[in-house]
Structure formats: structure tokens, C-alpha cells
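Quick one: this structure, given as C-alpha cells, is what I'll be asking you about.
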Amino acid sequence: MSRGRSISEIIGIINKYDSFLITSHINPDGDAIGSQFALKSLLEQKKKRVTVVNAEPVPSAYGFLGKWICPGELKQKPDFEVAIILDSSNLSRLPEVVLSLLLDKILVNIDHHISNEKFGRLNWVDPEASAVGEMIYRLYGKMDCKISRDGALALYVAILTDTGLFRYTNTDSTTHDIASELLKIGIDPHWVAERIYGVNTLASMKLLALALSTIKVSDNGRIGWLCVRSDMLKKTGASFQDTGDFVNYARSIRGLEVAIFFSETETKDEIKISFRSKGKTDVNAIAKNFQGGGHPQASGCRIKGKLDEVIPMVIAEVQKALR
Ligand SMILES: [Mn+2]
């Protein structure tokens, strides 16, 4: 896949059309949120009409980045020519209400998941990029656009969160070079980190305590997992959104190779699963066996069934992959 051609084709589309819709996957993370706002900024600088639409409002921890539109707030179907979908490996990552707005439109797919299914008319997929935010940063450069302070803030959030605060294997000198450029535009890293990582609620801490009490490690010490059941949410007053980084607590256990987080969901008999690998094991391949995907070191999927059945089945699959 020639990266150079994809990015110049994206620029061609941006120059050719006037009106754009930007969206991303359900349960948006910092990269999904930040890259959408950063791309909006870029397109507005180019005097384009831009609407950012997602099924749910901006999660409160990221509220400082701005607001987008939810389908319920639309008085009529948004009028646009091109839909740009960010950070989503396939269209089933988009909620129905958003998908229904995209029928018959030109779809542009900008993503960095190795599992991306190239669903767009135009696909710019770069698994080497630490975050979609890094790709949007490059787009700014190629289009000779000045990054505004708001744009820089959004890009910084995308890269900060998708590299796990510059800790994951997708972090390299390029990531730090970009972060450095963004700080020069006026981003205060302490202020940003406090907004995102210093705002846990007491309810979410109590939920974490319950989840941690479920931690188990396989006999060979290579797999660790923990889970959240719906009744834990009732007990603590926390929500499913509060479980976003729980898998990392299992991941931090010494000697472990694969960490897994299992959670019941709003949908009855549907279990959400997050995988993290510490190195050699490709958890994207494991998630793929269950119609999920992601990155080699961080992936996820959803499986129909009861928690007590799903856990042993998934552990057995991971044991197989480790052999
Ligand atoms: Mn991402």
C-alpha cells in the first residue's frame, strides 16, 4: 500500500468537494475524539462545510475539546458530499443511526488498525502510525495548513491517549517529535493529563476495586484476566464507560504475556472483551477469531454468551495462541 498515493488522493478529495461529515467508532477513545476535532479544524481552515456526527455526546473527560452533533439533534438529514470515517477498522464499528446517514455518499476511510477492511471509496490505512491523530498531523503538513491551538490540543490528545501516555510500542522518536511540535503551539501537557487522567469518580474507583478482586492468572503465569458484571455497576453506581482502562491492571502483572478484560454490556448475553499483549503474542489475530480486531498489542471483540461460558472459551483460545 503506497502511503504517499493515499494521502495525495485524500488531499485531492478535500480540494474537490465542499461539504464533509466526520465520524468515528462507538465508545470513542481519545484518538477517535481528538482526530475528529483536529480534522474538522483543518477542513474549516480550507473553508469547507463540516459536520462532526457521533451517536453519543463527547465523553465528559474530553469535553474540553468541544462538542459534536448527535443524530437526535439533527432537524434534517445533514447535507454533505463526503463522509470521512476515522479510527474504525470496519463499518460495523459505526452505530446504525450514523451509518444510515452515509448511504450513497463518498466514504473516505482514514485509520491505523492493521485489521482495517478498506471499506471506503478511498482508504488511507497506516498501521505504522501511532494514532490517527499522527496521520491528521501529517495531513496538516502536506496541505500546508497552520495548526491552530485547538487543532494542536486535539492532535495531542489523540497521540497521548493512543500511545498510553507515550508508553506503548507504537511510541518512537517521531511520536515525540510531533508531541514536541504541538507543545510549541501552546499545549500544556500537565493541564491535558489532569483533564483526562485526573478525573476518576469515586464510583468508578469502587467499581475498579470490585473488578480487581476478580483477577486471575493462568497456572503457567502467562495469561491474566479480570471481569465486570452488571451487578457491580448497580452496586457502585458506575457505568460501562468507567471500565475503559481496567485491562491494563491485569497487563501490569509481572511475567504476564496476555491480559484480558471481560465485561457484560448493555446488551443481554453479549460480552465485551479487551486483549492486551506485552510483546510477542499477536492479540489482533486472537480477536479476529471472534470477529473482532485491532492492533497486534491491543484488540477487542464482542461475543454472544454468558460470562461464565465465554471466559473459559476465550482463555482456551489464548492458550492455543501461546503454544
Ligand atoms: Mn486509534
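Read the numbers this way: they start at 1 and go in the same order the structure lists the ligands and their atoms.
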- Is there a donor-acceptor pair under 3.5 Å between the side chain of Thr265 and the backbone N or O of Glu270?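 Present.
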- State whether Asp162 contributes an N/O/S atom found under 2.8 Å from the Mn ion (ligand 1).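 It does: Asp162 brings an N, O or S atom closer than 2.8 Å to the Mn ion (ligand 1).
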- Query: Hey, would you say the Phe64 and Trp191 ring centroids sit under 6.0 Å apart?
  - Reply: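 Yes, the ring of Phe64 comes within the 6.0 Å limit of the ring of Trp191, centre to centre.
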- Name of whichever N/O/S atom of His112 is nearest to the Mn ion (ligand 1):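 The closest N, O or S atom of His112 to the Mn ion (ligand 1) is NE2.
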- Proximal heteroatom of Asp31 relative to the Mn ion (ligand 1) (N/O/S):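 The atom in question is OD2.
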- Could you tell me whether Lys146 sits above the aromatic face of Tyr140, with NZ or CZ closer than 6.0 angstrom to the six-membered ring centre and within 45 degrees of the axis?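 Not flagged: Lys146 not positioned over aromatic ring of Tyr140.
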- Item | Short side-chain to backbone donor-acceptor contact, Thr161 and Val157, under 3.5 Å |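 Indeed, once roles are kept as given, a pair shorter than 3.5 Å links the two residues.
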- Side chains of Thr175 and Asp172: donor-acceptor distance under 3.5 Å anywhere?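 Side-chain D/A pair, Thr175 to Asp172: present.
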- So, is Asp87 placed with an N/O/S atom under 2.8 Å from the Mn ion (ligand 1), counting both backbone and side chain?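 Under 2.8 Å: Asp87 contacts the Mn ion (ligand 1) through an N, O or S atom.
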- Message: Report whether any nitrogen, oxygen or sulfur of His113 sits less than 2.8 Å from the Mn ion (ligand 1) (N, O or S, backbone or side chain).
- Response: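 Given the 2.8 Å cut-off, His113 does not count as a ligand of the Mn ion (ligand 1).
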